[in-house]
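Heads up, the thing below is written out as structure tokens.
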Amino acid sequence: MRRRIDWLWFVVIGLIAGFMSGLFGVGGGILIVPLLITLAGFGQKRAAGTSLAAIVPTSIAGVITYAVNGDVALIVAAILCVGSIIGAQLGALLLHRLPKRVVQWAFIVFLLIVVVSLFFVIPSRDAVIHLSVLAIIGLLALGLLVGVLSGILGIGGGAVIVPMLILLFGASDLVAKGTSLAVMIPTAISGTIGNARRRNVDISAALTIGLSACLTTSLGAIVATALDPAIGNLLFAAFLVAIAVQLTVRALRTR
């Protein structure tokens, strides 16, 4: 039986995750999953599946807001999707062959390197991603990396896509966030279909969280637009540090 307090938690989780999603261009799963486990008593697999389903409407709302201002690179998103789809299959294949602990710590170190790098690069709001042959190959490789990490660790792509588009491809912070959210839509839909078949999705909870998130996603995107790029970089760096800390605690607990 679902408690009344659970519905309140779903709404609160959605409102917080939606704002963070719009502000940073991430799906919000890194926040939704632990909150569902802690506040609503979900198991790990059901929390992850429900979170992924909630990300679909959340990402759509964010993409619409960013697209209105022309801050979504659809071709770049499509290339990243191709790479991530292949990478997800590869990640699932490598799941039982690679030592998960090594991958976890490598990803944590990667995040910390990215955090340091963000202090030296201030994105320009007028920057455009030029699609040369080399850039397309690089985007496919980035998508592949995101897919592999997703398959092995269950990590959403936004924490990787946003900083890499800024640091390696010279994207503005807004285009990086809008494009990241666009990539998450087909990825989340595909994952949700698979999770639903395995009955790892709480549909009513996912709808409540997702629709609640839609109320604040656009607000987060508007705040991101209003922020100075340098301040936006600092906030995103702090967000990545929080993710690294959470992953470190998780890695130590599963020791």
Acceptor/donor pairs from residues 65-78 side chains to any protein atom, 3.5 angstrom cut, sequence neighbours excluded:
residue	atom	partner	partner atom	Å
Thr65	OG1	Ala61	O	3.0
Thr65	OG1	Ser218	OG	2.7
Tyr66	OH	Gly22	O	2.5

Side-chain donor-acceptor pairs of residues 235-247 under 3.5 Å, sequence neighbours excluded:
residue	atom	partner	partner atom	Å
Gln246	OE1	Arg250	NH2	3.1
Gln246	NE2	Ile30	O	3.3

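Neither Leu215 nor Val223 shares a network with the other; the hydrophobic side chains, linked directly or stepwise wherever heavy atoms of I, L, V, M, F, W or Y lie under 4.5 Å apart, form separate groups for each. Grouping the Ile, Leu, Val, Met, Phe, Trp and Tyr side chains by contacts below 4.5 angstrom, directly or via other members, places Phe110 with Val146. With hydrophobic clusters built from ILVMFWY side chains whose heavy atoms lie under 4.5 angstrom apart, Leu227 shares a cluster with Ile166. Placement of Leu211 and Trp7 in two distinct hydrophobic clusters is found when ILVMFWY residues are connected by side-chain heavy-atom separations under 4.5 Å, directly or transitively. Criterion: ILVMFWY side-chain heavy atoms under 4.5 Å apart, direct or through other members. Under it, Ile161 and Ile86 are part of a common hydrophobic cluster.
Contact detail for Pro123 and Ala171: the closest heavy-atom pair is CB-O, 3.9 Å. Of all non-hydrogen atoms in Pro57 and Gly210, the two that sit nearest each other are CG-CA, 3.7 Å. Taking every heavy atom of both residues into account, Ala188 and Ile55 meet most closely at CB-CG2, 4.0 Å. In terms of heavy-atom proximity, Ala159 sits nearest to Leu111 at O-CD2, 4.2 Å. In this structure, Arg199 and Arg46 approach most closely via the heavy-atom pair O-NH1, 3.0 Å. Contact record, Ala54 with Ile209: CB-CG2, 3.8 Å, taken as the closest heavy-atom pair.
Taking CG of Leu8 as the reference point, atom OG of Ser212 lies at 10.0 Å (rounded to 0.5 Å). Between Ile129 atom CD1 and Ile136 atom CD1 the span is 11.5 Å, to the nearest 0.5 Å. Rounded to the nearest 0.5 Å, atoms OG1 (Thr192) and CG (Leu52) are 4.0 Å apart. Note: Ile13 CD1 to Ile32 CD1 = 7.5 Å, rounded to the nearest 0.5 Å. Taking CG of Asn200 as the start and CZ of Phe42 as the end, the distance is 11.5 Å to the nearest 0.5 Å.
A heavy-atom distance below 4.5 Å is not found between the side chains of Ser204 and Phe10. Looking at Ile231 and Asp228, their side chains come closer than 4.5 Å, going by heavy atoms from C-beta outward. The side-chain heavy atoms of Ile85 and Thr187, taken from C-beta on, include no pair separated by under 4.5 Å. Using a 4.5 Å heavy-atom cutoff, the side chains of Leu142 and Phe169 are in contact. Taking the side chain as every heavy atom from C-beta outward, Ile60 and Ile185 approach each other to under 4.5 Å. Residues Ser21 and Leu181 have side chains in contact (heavy-atom distance under 4.5 Å, counting atoms from C-beta outward). The shortest distance between side-chain heavy atoms of Val114 and Met164 falls below 4.5 Å. Within the 4.5 Å cutoff, the side chain of Leu131 has heavy atoms near those of the Leu139 side chain.
With sequence neighbours excluded, the residues that form a side chain to side chain contact (heavy atoms under 4.5 Å, CB included) with Leu145 are Leu149, Val160. Listed by chain and number, the residues in a side chain to side chain contact (heavy atoms under 4.5 Å, CB included) with Thr248 are Trp105, Ile108, Leu252 (sequence neighbours excluded).
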### Task
Decide yes or no on side chain to side chain contact (heavy atoms under 4.5 Å, CB included) for Leu165 and Thr179, but give the supporting numbers first.
CA-CA 9 Å; Leu165 286 180; Thr179 303; 4.2 Å; yes

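Between the side chain of Ser84 and the backbone N or O of Gly147, no donor-acceptor pair lies under 3.5 Å. Judged by distance alone, the side chain of Ser51 and the main-chain N or O of Ala47 form no donor-acceptor pair under 3.5 Å. Under the 3.5 Å distance criterion, the side-chain polar atoms of Thr216 are matched with a main-chain donor or acceptor of Leu15. Listed for the Thr208 side chain is no donor-acceptor partner under 3.5 Å among the backbone atoms of Val11. Thr50 places a side-chain N or O within donor-acceptor distance of the main-chain N or O of Asp202, the cut-off being under 3.5 Å. Using modelled atom types, one side-chain atom of Asn233 and one backbone atom of Leu118 make a donor-acceptor pair closer than 3.5 Å. Looking at Lys177, its side chain never comes within 3.5 Å of a backbone N or O of Val162 through a donor-acceptor pair.
More than 12 heavy-atom neighbours from other residues, nucleotides or ligands sit within 6.0 angstrom of CD1 on Ile5.
Membership of the apolar cluster around Val109 extends to Ile113, as traced through chained side-chain contacts below 4.5 Å between ILVMFWY residues.
Every pair passing side-chain hydrogen bond (donor to acceptor under 3.5 Å, both in side chains) that includes a residue from residues 112-138 is listed here, sequence neighbours excluded: Arg125-Asp173.
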